[in-house]
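Have a look at the structure below, then the notes.
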There are 2 protein chains.
Amino acid sequence: METQIGHIASLIGDPVRALILWTLLDDKAYTATELAISANTSPQNISMHLSKLVQADLLTVERQGRHAYYRFSKQEVAYAIEAIANLVPVEQQKKIVHSKHNAAIKHCRTCYDHLAGNMGVSIADSLLKQAVIIEKGKQFELTTKGAKWFLQLGIDTKELQQQRRIFLKPCLDWTERRYHIAGSLGASLLDTMLAADWVRRTKNSRAIVITAAGEKKMREYFR
Amino acid sequence: METQIGHIASLIGDPVRALILWTLLDDKAYTATELAISANTSPQNISMHLSKLVQADLLTVERQGRHAYYRFSKQEVAYAIEAIANLVPVEQQKKIVHSKHNAAIKHCRTCYDHLAGNMGVSIADSLLKQAVIIEKGKQFELTTKGAKWFLQLGIDTKELQQQRRIFLKPCLDWTERRYHIAGSLGASLLDTMLAADWVRRTKNSRAIVITAAGEKKMREYFR
DNA sequence: TTCATAGTTAAGTTCAAATTGAAGTGTCAA
DNA sequence: TTGACACTTCAATTTGAACTTAACTATGAA
């Protein structure tokens, strides 16, 4: 029995696999490529790791066409990971608080040209909280503080406002049923994040993956 | 955070450390040497592993004279290990049942010259169940089947019965408040187990440690 | 004091497991 | 049918962590 426990624990213990499991903690299915990006490793390597996790029945695969979707095989896997997370020494726990928020924004999609899904909604929330934007009636408005905030990211809001396209508007996300930022401002926010490699597009789908570097930066800017 | 989880999991994941943690699961304190014996490795090596576990705050040490007593630093450690144990595939779960019994007999002592404590009581129970011995009034009696059983272990019961010393009697263990096997039969059972390296005496105490090999054998003979 | 024991520390070796590189299978779209 | 893509497999390489050998500290008993 000790042997089996050791085996399971060592599976969770590898840095790459820990990242995989952490990513899957939102209980959604991810493709091998998505996981490779978020764990920052090669496709061959992620494939090797995933097959080990499947063999130990921590994960299951579902194959659809040329994609392989990986997810937890049972809830108990998440429980075990949370129990381990619970052992992380207190000095290092500050990071957990942010990470929990992170976990919530892990799954995200693009809505036409701007960020939607959990992530888009979370970003909109954060910007409202930081008074970068404010709600006016059924619209969003940029504050003067907000203009400076976007300038930090290299986004010139004055220039965007002169374009013909609608500058800023709330967009209702049908999965979240809450608002996120659309319009030219939302689009250039996404462009900036893609350019800075905070997030990457996956081919053939509207899914977006957050890179390791992006996670840090987003914590900084969106709390 | 993922990194921390990976770190903790890899600490649990090492075979030797998994054995240490499994041993400590009864929530008692063990010395380094006791743990070295039950994990079947060298003192230097166990010391290295223990210091890692202490540094990660999974264990705490208490030093008394020249002994170092190790125990879980908090209950959460046991929870995490149980959560991982919970992930062991069903085909391999049969072993758990035995192991739970095992955990129960892990802590044991000697009573004069025979096995007492949890282990002594468990062995007595097993021998009664297997009809190696039977209860007659307030005494134990060896069955003919039992004589053969002891012969398997290389113990000649006929010879023992001719000695002046009392052959077989129940002995009440004050910690367990239940009976175990004393008399010359109990003594030679312990001798045999020591000779076969199923268990070892620790110096300076009445404690007895079960070796890895002993665990297997005892499962075989005592179920 | 001397000797044995419990435990730790440090340097060197060994080995298993992650990674990389190269190549192959199957799917989808032009 | 061709090429791009998603994923996997296999051999070759690298590397990090466990283990070993050796030496040292501290406690306790003769």
Side-chain angles (χ1 to χ4, degrees), chain A residues 2-3 6-21 29-56 58-71 200-207 209 212, chain B residues 2-3 6-21 29-56 58-71 200-207 209 212:
Chain A
E2 321 78 54
T3 322
H7 181 236
I8 304 273
S10 72
L11 282 175
I12 305 174
D14 175 84
V16 168
R17 287 191 294 260
L19 270 166
I20 294 174
L21 295 167
Y30 286 83
T31 66
T33 311
E34 287 170 339
L35 291 169
I37 293 173
S38 78
N40 205 38
T41 188
S42 68
Q44 308 96 295
N45 204 29
I46 214 78
S47 183
M48 183 272 284
H49 285 299
L50 288 170
S51 73
K52 286 194 177 180
L53 292 170
V54 169
Q55 189 166 13
L58 298 189
L59 303 187
T60 49
V61 216
E62 223 175 297
R63 295 180 194 278
Q64 280 177 33
R66 54 180 168 177
H67 294 278
Y69 291 91
Y70 290 89
R71 58 163 69 246
R200 293 185 202 165
R201 284 185 192 284
T202 51
K203 312 275 164 97
N204 295 333
S205 91
R206 275 165 53 196
V209 213
Chain B
E2 321 80 54
T3 322
H7 180 237
I8 303 275
S10 72
L11 282 174
I12 304 173
D14 175 85
V16 169
R17 287 192 293 260
L19 270 166
I20 293 174
L21 295 167
Y30 287 83
T31 66
T33 311
E34 286 170 341
L35 292 170
I37 293 173
S38 78
N40 206 38
T41 187
S42 68
Q44 306 95 300
N45 203 30
I46 214 79
S47 184
M48 181 272 284
H49 285 300
L50 288 170
S51 71
K52 285 193 179 184
L53 291 171
V54 168
Q55 189 167 14
L58 297 189
L59 303 186
T60 49
V61 216
E62 222 176 297
R63 297 180 194 277
Q64 281 176 32
R66 53 180 171 180
H67 294 279
Y69 290 92
Y70 290 88
R71 58 162 69 249
R200 293 183 202 168
R201 283 186 193 283
T202 50
K203 312 275 161 99
N204 296 331
S205 91
R206 277 164 53 197
V209 214

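Proteins get letters first, then strands, A, B, ... in listed order; numbering begins at 1 in each. Note that the coordinates shown come from a computational prediction; the quantities given were computed from them, not determined experimentally.
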Protein-nucleotides 28-30 of chain C N/O pairs closer than 3.5 Å?
none

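A straight line from NE2 of B:H67 to P of C:dA4 spans 17 Å, rounded to a whole angstrom. For the pair B:I37 CD1 and C:dT5 P, the computed distance is 13 Å after rounding to whole Å. Rounded to whole Å, atom P of C:dT8 lies 12 Å from atom CG of B:L59. Atom CD1 in A:I46 sits roughly 17 Å away from atom C1' in C:dG21 (whole-Å rounding). Taking atom CD on B:Q55 and atom P on C:dT8, their separation rounds to 14 Å, with Å as the unit.
Counting any heavy atom pair closer than 4.0 Å across all strands shown, B:Y70 reaches sugar-phosphate atoms only and no base atom.
Applying the side-chain contact (heavy atoms from CB on, under 4.5 Å) test to B:L19 and every residue at least two apart in sequence or in another chain returns A:E2, B:A39. Annotation: side-chain contact (heavy atoms from CB on, under 4.5 Å) contacts of B:V54 (sequence neighbours excluded): B:L59, B:V61, B:Y70. With sequence neighbours left out, the side-chain hydrogen bond (donor to acceptor under 3.5 Å, both in side chains) criterion links B:T41 to B:N45.
Across all non-hydrogen atoms, the minimal contact from A:I46 to A:A32 is CG2-O, 3.7 Å. Between A:Y69 and A:H67, the shortest heavy-atom distance links the atoms CE1-CB, 3.7 Å.
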Considering only distance and modelled atom types, tabulate donor-acceptor pairs under 3.5 Å from the side chains of residues 8-17 of chain A, sequence neighbours left out.
{"from": "A:S10", "atom 1": "OG", "to": "A:G6", "atom 2": "O", "distance (Å)": "3.4"}
{"from": "A:S10", "atom 1": "OG", "to": "A:H7", "atom 2": "O", "distance (Å)": "2.9"}
{"from": "A:D14", "atom 1": "OD2", "to": "A:V16", "atom 2": "N", "distance (Å)": "2.9"}
{"from": "A:D14", "atom 1": "OD2", "to": "A:R17", "atom 2": "N", "distance (Å)": "3.1"}
{"from": "A:R17", "atom 1": "NE", "to": "A:L11", "atom 2": "O", "distance (Å)": "2.6"}
{"from": "A:R17", "atom 1": "NH1", "to": "A:H49", "atom 2": "ND1", "distance (Å)": "3.0"}
{"from": "A:R17", "atom 1": "NH2", "to": "A:S10", "atom 2": "O", "distance (Å)": "3.3"}

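Residue B:R63 places at least one side-chain N or O under 4.0 Å from the OP1 or OP2 atom of C:dT8.
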Completion exercise
Per-nt protein contacts along nucleotides 18-25 of chain D (heavy atom under 4.0 Å; B base, S backbone sugar-phosphate only, - none) come out as SBSBB---
